[in-house]
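Within every chain, numbering begins at 1; the chains are lettered A, B, ... in the order of the sequence lines, protein sequences first and strands thereafter. Computed from a prediction, not measured in an experiment: that's the story for all the values here.
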2 protein chains.
Amino acid sequence: MNIGEAARRSGVSAKMIRHYETQGLVRPQRLANGYRDYAEADLAVLRFIRHARALAFPLEDVRKLLALWGDRNRASADVRRIALAHVAALESKAQAMQAMAASLRHLAAHCHGDARPDCPILDELEKSS
Amino acid sequence: MNIGEAARRSGVSAKMIRHYETQGLVRPQRLANGYRDYAEADLAVLRFIRHARALAFPLEDVRKLLALWGDRNRASADVRRIALAHVAALESKAQAMQAMAASLRHLAAHCHGDARPDCPILDELEKSS
DNA sequence: CTTGACCTTCCCATTGTGGGAATCCCCATC
DNA sequence: GATGGGGATTCCCACAATGGGAAGGTCAAG
(Lines give C-alpha, C1' and ligand atoms only; values in the text may rest on other atoms or scores of the structure.)
Protein backbone atom coordinates (compact mmCIF):
# COMPACT_ATOMS: atom_id res chain seq x y z
CA MET A 1 0.00 0.00 0.00
CA ASN A 2 0.92 3.65 -0.52
CA ILE A 3 2.45 5.81 2.16
CA GLY A 4 -0.78 7.80 2.35
CA GLU A 5 -2.85 4.76 3.16
CA ALA A 6 -0.18 3.51 5.55
CA ALA A 7 -0.35 6.88 7.29
CA ARG A 8 -4.12 6.72 7.60
CA ARG A 9 -4.15 3.16 8.81
CA SER A 10 -1.25 3.51 11.23
CA GLY A 11 -2.02 6.93 12.61
CA VAL A 12 1.50 8.10 11.81
CA SER A 13 1.92 11.04 9.42
CA ALA A 14 3.55 10.36 6.06
CA LYS A 15 6.21 12.84 7.02
CA MET A 16 7.11 10.91 10.13
CA ILE A 17 6.93 7.55 8.36
CA ARG A 18 9.64 8.75 5.99
CA HIS A 19 11.61 10.05 8.92
CA TYR A 20 11.41 6.74 10.76
CA GLU A 21 12.66 5.10 7.59
CA THR A 22 15.76 7.32 7.56
CA GLN A 23 16.27 6.22 11.16
CA GLY A 24 16.11 2.60 10.06
CA LEU A 25 12.97 1.74 12.01
CA VAL A 26 10.85 0.64 9.06
CA ARG A 27 11.93 -0.67 5.65
CA PRO A 28 9.13 -0.76 3.08
CA GLN A 29 9.53 -2.28 -0.37
CA ARG A 30 9.88 0.05 -3.34
CA LEU A 31 7.72 -0.22 -6.43
CA ALA A 32 9.12 0.24 -9.94
CA ASN A 33 8.01 3.87 -9.93
CA GLY A 34 9.91 4.60 -6.72
CA TYR A 35 6.85 4.66 -4.51
CA ARG A 36 7.17 3.07 -1.08
CA ASP A 37 5.07 -0.08 -0.68
CA TYR A 38 3.95 -1.03 2.83
CA ALA A 39 2.93 -4.51 3.91
CA GLU A 40 0.72 -5.33 6.88
CA ALA A 41 3.83 -6.11 8.91
CA ASP A 42 5.08 -2.57 8.25
CA LEU A 43 1.78 -1.21 9.50
CA ALA A 44 2.21 -3.16 12.71
CA VAL A 45 5.68 -1.66 13.13
CA LEU A 46 4.32 1.84 12.57
CA ARG A 47 1.60 1.32 15.13
CA PHE A 48 4.17 -0.04 17.55
CA ILE A 49 6.23 3.09 17.08
CA ARG A 50 3.19 5.28 17.56
CA HIS A 51 2.30 3.60 20.83
CA ALA A 52 5.86 3.79 22.08
CA ARG A 53 6.12 7.47 21.16
CA ALA A 54 2.83 8.11 22.91
CA LEU A 55 4.60 6.86 26.01
CA ALA A 56 7.46 9.25 25.16
CA PHE A 57 10.00 6.54 24.51
CA PRO A 58 12.90 8.20 22.67
CA LEU A 59 13.42 6.83 19.16
CA GLU A 60 16.60 5.16 20.35
CA ASP A 61 14.57 3.18 22.88
CA VAL A 62 11.96 2.45 20.23
CA ARG A 63 14.69 0.97 18.09
CA LYS A 64 15.75 -1.37 20.90
CA LEU A 65 12.17 -2.32 21.72
CA LEU A 66 11.46 -3.09 18.08
CA ALA A 67 14.48 -5.36 17.98
CA LEU A 68 13.26 -7.17 21.09
CA TRP A 69 9.75 -7.27 19.71
CA GLY A 70 10.96 -9.10 16.65
CA ASP A 71 13.17 -11.45 18.64
CA ARG A 72 11.33 -14.66 19.42
CA ASN A 73 14.00 -15.55 21.97
CA ARG A 74 13.98 -12.25 23.78
CA ALA A 75 14.11 -12.14 27.52
CA SER A 76 11.35 -10.07 29.05
CA ALA A 77 13.97 -8.73 31.46
CA ASP A 78 15.52 -6.75 28.61
CA VAL A 79 12.24 -5.04 27.80
CA ARG A 80 11.56 -4.42 31.46
CA ARG A 81 14.94 -2.82 31.98
CA ILE A 82 14.42 -0.36 29.13
CA ALA A 83 10.91 0.44 30.29
CA LEU A 84 11.91 1.01 33.89
CA ALA A 85 14.84 3.20 32.93
CA HIS A 86 12.41 5.24 30.87
CA VAL A 87 9.97 5.40 33.76
CA ALA A 88 12.73 6.73 35.98
CA ALA A 89 13.64 9.39 33.43
CA LEU A 90 10.00 10.40 33.04
CA GLU A 91 9.42 10.64 36.76
CA SER A 92 12.60 12.57 37.30
CA LYS A 93 11.66 15.14 34.71
CA ALA A 94 8.10 15.30 35.96
CA GLN A 95 9.28 15.91 39.49
CA ALA A 96 11.66 18.63 38.38
CA MET A 97 8.83 20.35 36.54
CA GLN A 98 6.47 20.07 39.44
CA ALA A 99 9.08 21.45 41.78
CA MET A 100 9.51 24.44 39.48
CA ALA A 101 5.77 24.87 39.21
CA ALA A 102 5.40 24.69 42.97
CA SER A 103 8.00 27.33 43.69
CA LEU A 104 6.53 29.58 41.03
CA ARG A 105 3.08 29.07 42.43
CA HIS A 106 4.40 29.99 45.84
CA LEU A 107 5.89 33.18 44.50
CA ALA A 108 2.75 34.02 42.57
CA ALA A 109 0.67 33.53 45.69
CA HIS A 110 2.59 36.36 47.31
CA CYS A 111 2.24 38.59 44.29
CA HIS A 112 -0.66 40.99 44.61
CA GLY A 113 -1.55 40.63 40.99
CA ASP A 114 -2.95 44.12 40.81
CA ALA A 115 -1.76 47.41 39.36
CA ARG A 116 0.99 47.86 41.95
CA PRO A 117 4.52 47.24 40.70
CA ASP A 118 5.72 45.20 43.68
CA CYS A 119 6.24 41.60 42.67
CA PRO A 120 8.07 38.85 44.55
CA ILE A 121 8.41 36.87 41.33
CA LEU A 122 10.66 39.48 39.78
CA ASP A 123 12.40 39.99 43.11
CA GLU A 124 13.33 36.34 43.13
CA LEU A 125 14.57 36.30 39.54
CA GLU A 126 16.59 39.38 40.29
CA LYS A 127 18.60 37.86 43.11
CA SER A 128 22.35 37.90 42.50
CA SER A 129 23.02 34.41 43.86
CA MET B 1 34.29 43.45 31.43
CA ASN B 2 35.05 40.69 28.95
CA ILE B 3 32.55 38.04 27.97
CA GLY B 4 34.65 35.47 29.79
CA GLU B 5 34.45 37.30 33.08
CA ALA B 6 30.78 38.03 32.51
CA ALA B 7 30.25 34.31 32.00
CA ARG B 8 32.08 33.44 35.21
CA ARG B 9 30.30 36.05 37.25
CA SER B 10 26.82 35.42 35.84
CA GLY B 11 26.95 31.66 35.64
CA VAL B 12 25.90 31.79 32.00
CA SER B 13 28.24 30.28 29.40
CA ALA B 14 29.85 32.67 26.92
CA LYS B 15 28.19 30.70 24.17
CA MET B 16 24.76 31.30 25.62
CA ILE B 17 25.50 34.95 26.40
CA ARG B 18 26.15 35.52 22.70
CA HIS B 19 23.01 33.59 21.87
CA TYR B 20 20.90 35.69 24.21
CA GLU B 21 22.34 38.76 22.53
CA THR B 22 21.16 37.52 19.12
CA GLN B 23 17.75 37.11 20.73
CA GLY B 24 17.89 40.72 21.87
CA LEU B 25 17.88 39.95 25.59
CA VAL B 26 21.17 41.65 26.45
CA ARG B 27 23.00 44.46 24.64
CA PRO B 28 26.59 44.98 25.81
CA GLN B 29 28.74 47.86 24.62
CA ARG B 30 31.43 47.14 22.07
CA LEU B 31 35.05 48.17 22.56
CA ALA B 32 37.16 49.58 19.74
CA ASN B 33 38.61 46.12 19.10
CA GLY B 34 35.16 44.58 18.67
CA TYR B 35 35.12 42.88 22.06
CA ARG B 36 31.85 42.92 23.97
CA ASP B 37 31.98 45.01 27.14
CA TYR B 38 29.61 44.11 29.97
CA ALA B 39 28.52 46.50 32.70
CA GLU B 40 27.17 45.46 36.09
CA ALA B 41 23.65 46.03 34.80
CA ASP B 42 24.28 43.49 32.05
CA LEU B 43 25.42 41.00 34.67
CA ALA B 44 22.16 41.48 36.51
CA VAL B 45 20.27 40.81 33.30
CA LEU B 46 22.25 37.63 32.68
CA ARG B 47 21.60 36.39 36.20
CA PHE B 48 17.93 37.20 35.77
CA ILE B 49 17.88 35.11 32.60
CA ARG B 50 19.68 32.27 34.35
CA HIS B 51 17.17 32.20 37.19
CA ALA B 52 14.24 32.35 34.80
CA ARG B 53 15.67 29.54 32.68
CA ALA B 54 16.24 27.49 35.82
CA LEU B 55 12.48 27.74 36.27
CA ALA B 56 12.11 26.64 32.63
CA PHE B 57 10.62 29.88 31.42
CA PRO B 58 10.86 29.83 27.63
CA LEU B 59 13.07 32.59 26.22
CA GLU B 60 10.00 34.31 24.87
CA ASP B 61 8.63 34.58 28.42
CA VAL B 62 12.03 35.70 29.66
CA ARG B 63 11.91 38.50 27.17
CA LYS B 64 8.55 39.68 28.49
CA LEU B 65 9.63 39.35 32.10
CA LEU B 66 12.78 41.36 31.41
CA ALA B 67 10.68 44.10 29.88
CA LEU B 68 8.44 44.15 32.95
CA TRP B 69 11.45 43.99 35.23
CA GLY B 70 12.83 47.15 33.69
CA ASP B 71 9.48 48.90 33.74
CA ARG B 72 9.12 51.00 36.89
CA ASN B 73 5.40 51.33 36.18
CA ARG B 74 4.73 47.67 35.62
CA ALA B 75 1.67 46.11 37.09
CA SER B 76 2.42 43.01 39.12
CA ALA B 77 -0.62 41.45 37.51
CA ASP B 78 1.26 41.22 34.22
CA VAL B 79 4.11 39.29 35.80
CA ARG B 80 1.69 37.10 37.66
CA ARG B 81 -0.23 36.25 34.52
CA ILE B 82 2.91 35.12 32.70
CA ALA B 83 4.10 33.12 35.69
CA LEU B 84 0.77 31.39 36.21
CA ALA B 85 0.45 30.51 32.54
CA HIS B 86 3.89 28.98 32.77
CA VAL B 87 2.95 27.10 35.92
CA ALA B 88 -0.06 25.67 34.11
CA ALA B 89 2.11 24.56 31.20
CA LEU B 90 4.64 22.98 33.56
CA GLU B 91 2.00 21.14 35.54
CA SER B 92 0.26 19.94 32.42
CA LYS B 93 3.47 18.48 31.03
CA ALA B 94 4.44 17.04 34.37
CA GLN B 95 1.08 15.34 34.71
CA ALA B 96 1.29 13.92 31.20
CA MET B 97 4.71 12.49 32.00
CA GLN B 98 3.62 11.03 35.27
CA ALA B 99 0.60 9.45 33.62
CA MET B 100 2.90 7.84 31.07
CA ALA B 101 5.27 6.72 33.79
CA ALA B 102 2.40 5.26 35.78
CA SER B 103 1.00 3.22 32.92
CA LEU B 104 4.46 1.97 32.04
CA ARG B 105 5.10 1.05 35.65
CA HIS B 106 1.85 -0.83 35.67
CA LEU B 107 2.86 -2.77 32.58
CA ALA B 108 6.32 -3.44 33.96
CA ALA B 109 4.83 -4.75 37.17
CA HIS B 110 3.14 -7.48 35.17
CA CYS B 111 6.28 -8.33 33.24
CA HIS B 112 8.18 -11.25 34.73
CA GLY B 113 11.50 -9.65 34.03
CA ASP B 114 13.22 -12.97 33.64
CA ALA B 115 14.49 -15.01 30.71
CA ARG B 116 11.01 -15.81 29.44
CA PRO B 117 9.93 -13.97 26.29
CA ASP B 118 6.40 -13.12 27.47
CA CYS B 119 6.10 -9.42 28.12
CA PRO B 120 2.94 -7.35 28.58
CA ILE B 121 4.89 -4.22 27.74
CA LEU B 122 5.49 -5.37 24.19
CA ASP B 123 1.98 -6.81 24.03
CA GLU B 124 0.62 -3.38 24.77
CA LEU B 125 2.80 -1.58 22.26
CA GLU B 126 1.79 -4.15 19.68
CA LYS B 127 -1.92 -3.52 19.91
CA SER B 128 -3.51 -2.46 16.64
CA SER B 129 -5.78 0.19 18.11
C1' DC C 1 -4.50 15.39 -22.81
C1' DT C 2 -5.63 17.79 -18.81
C1' DT C 3 -6.56 17.93 -14.01
C1' DG C 4 -6.14 16.71 -9.39
C1' DA C 5 -4.48 13.80 -5.99
C1' DC C 6 -0.65 11.53 -4.72
C1' DC C 7 4.23 10.43 -4.55
C1' DT C 8 9.39 11.59 -4.52
C1' DT C 9 13.54 14.23 -2.51
C1' DC C 10 15.51 18.25 -0.47
C1' DC C 11 15.73 22.34 2.38
C1' DC C 12 14.19 25.07 6.34
C1' DA C 13 12.26 26.12 11.04
C1' DT C 14 11.46 25.07 15.60
C1' DT C 15 14.08 25.31 21.15
C1' DG C 16 18.14 25.76 23.78
C1' DT C 17 22.53 24.28 24.11
C1' DG C 18 27.06 22.98 22.87
C1' DG C 19 31.25 21.77 19.71
C1' DG C 20 34.54 23.26 16.72
C1' DA C 21 37.07 25.88 12.97
C1' DA C 22 39.26 30.00 11.17
C1' DT C 23 40.77 34.26 12.37
C1' DC C 24 42.01 38.09 15.18
C1' DC C 25 43.57 40.48 19.54
C1' DC C 26 46.16 41.39 23.69
C1' DC C 27 49.77 40.80 26.82
C1' DA C 28 53.90 38.88 28.62
C1' DT C 29 58.23 36.81 27.99
C1' DC C 30 62.53 35.97 25.60
C1' DG D 1 60.72 42.52 17.59
C1' DA D 2 59.18 37.78 17.46
C1' DT D 3 56.65 34.28 19.62
C1' DG D 4 53.27 31.95 22.31
C1' DG D 5 49.19 31.33 25.10
C1' DG D 6 44.77 32.53 26.25
C1' DG D 7 40.89 34.86 24.95
C1' DA D 8 37.85 37.13 21.61
C1' DT D 9 35.21 37.22 17.14
C1' DT D 10 32.04 35.01 13.60
C1' DC D 11 30.13 31.17 11.25
C1' DC D 12 28.64 26.45 10.59
C1' DC D 13 27.00 22.07 12.47
C1' DA D 14 24.67 18.94 15.74
C1' DC D 15 21.13 17.29 18.81
C1' DA D 16 15.31 15.17 18.88
C1' DA D 17 11.12 15.07 16.80
C1' DT D 18 8.07 17.23 14.02
C1' DG D 19 6.05 20.01 10.47
C1' DG D 20 5.96 23.27 6.28
C1' DG D 21 6.75 23.81 1.75
C1' DA D 22 8.94 23.77 -3.00
C1' DA D 23 10.08 21.42 -7.33
C1' DG D 24 9.21 17.69 -9.85
C1' DG D 25 7.43 12.75 -11.24
C1' DT D 26 3.16 9.50 -11.52
C1' DC D 27 -1.27 7.73 -11.81
C1' DA D 28 -6.19 7.52 -12.71
C1' DA D 29 -10.44 9.59 -14.05
C1' DG D 30 -12.71 12.59 -17.04
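- A/His19 meets the side chain to side chain contact (heavy atoms under 4.5 Å, CB included) test with A/Met16, A/Thr22, A/Gln23, A/Leu59; sequence neighbours excluded.
- Between the C1' atom of C/dG16 and the CZ atom of B/Arg63 lies a distance of 13 Å, rounded to the nearest Å.
- By the 4.5 Å heavy-atom criterion applied to side chains, B/Arg63 and B/Leu25 are counted as neighbours.
- The side chain to side chain contact (heavy atoms under 4.5 Å, CB included) test applied to A/Ala56 returns A/His86, A/Leu90, B/Met100, not counting sequence neighbours.
- With sequence neighbours excluded, the residues that form a side chain to side chain contact (heavy atoms under 4.5 Å, CB included) with A/Arg18 are A/Ile3, A/Ala14, A/Arg36.
- With sequence neighbours excluded, no residue forms a salt bridge (Lys or Arg N to Asp or Glu O under 4.0 Å) with B/Lys93.
- Taking only side-chain nitrogens and oxygens, A/Ser13 comes nearer than 4.0 Å to OP1 or OP2 of D/dG19.
- When side chains are defined from C-beta on, B/Val79 does not count as touching B/Trp69, because their heavy atoms never get closer than 4.5 Å.
- Residues satisfying the side chain to side chain donor-acceptor pair (under 3.5 Å) criterion with A/Gln95, sequence neighbours excluded, are absent altogether.
- With axes fitted over five pairs at each extremity, the angle between the ends of the helix from C/dC1-D/dG30 to C/dC30-D/dG1 is 40° (10° resolution).
- Residues that satisfy the side chain to side chain donor-acceptor pair (under 3.5 Å) test with B/Gln98, not counting sequence neighbours, are absent from this structure.
- Residues B/Tyr20 and B/Val45 fail the side-chain proximity criterion, which asks for heavy atoms closer than 4.5 Å.
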Taking N or O atoms only and anything under 3.5 Å, show me the protein contacts with nucleotides 28-30 of chain D, one pair per line.
none

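- Within the structure, side-chain hydrogen bond (donor to acceptor under 3.5 Å, both in side chains) pairs that include any residue of residues 38-57 of chain B comprise B/Arg9-B/Glu40 (at least two apart or interchain).
- By the salt bridge (Lys or Arg N to Asp or Glu O under 4.0 Å) test, B/Arg72 pairs with no residue at all, sequence neighbours left out.
- Atom CZ in B/Arg50 sits about 12 Å away from atom P in C/dT17, given to the nearest Å.
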Scoring nucleotides 2-17 of chain D by protein non-hydrogen atoms under 4.0 Å (B base, S sugar-phosphate only, - none) yields -----BSBB------S

Produce the list of close N/O pairs, under 3.5 Å, pairing protein atoms with atoms of nucleotides 1-3 of chain C; give distances to one decimal.
none

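- Rounding to the nearest 0.5 Å places CD of A/Glu60 at 10.5 Å from CG of A/Leu65.
- Under 4.0 Å is where a charged nitrogen must lie from a carboxylate oxygen, and between A/Asp114 and A/Arg116 at least one such pair does.
- As rounded to whole Å, 11 Å separates atom C1' of C/dC7 from atom CG of A/Leu31.
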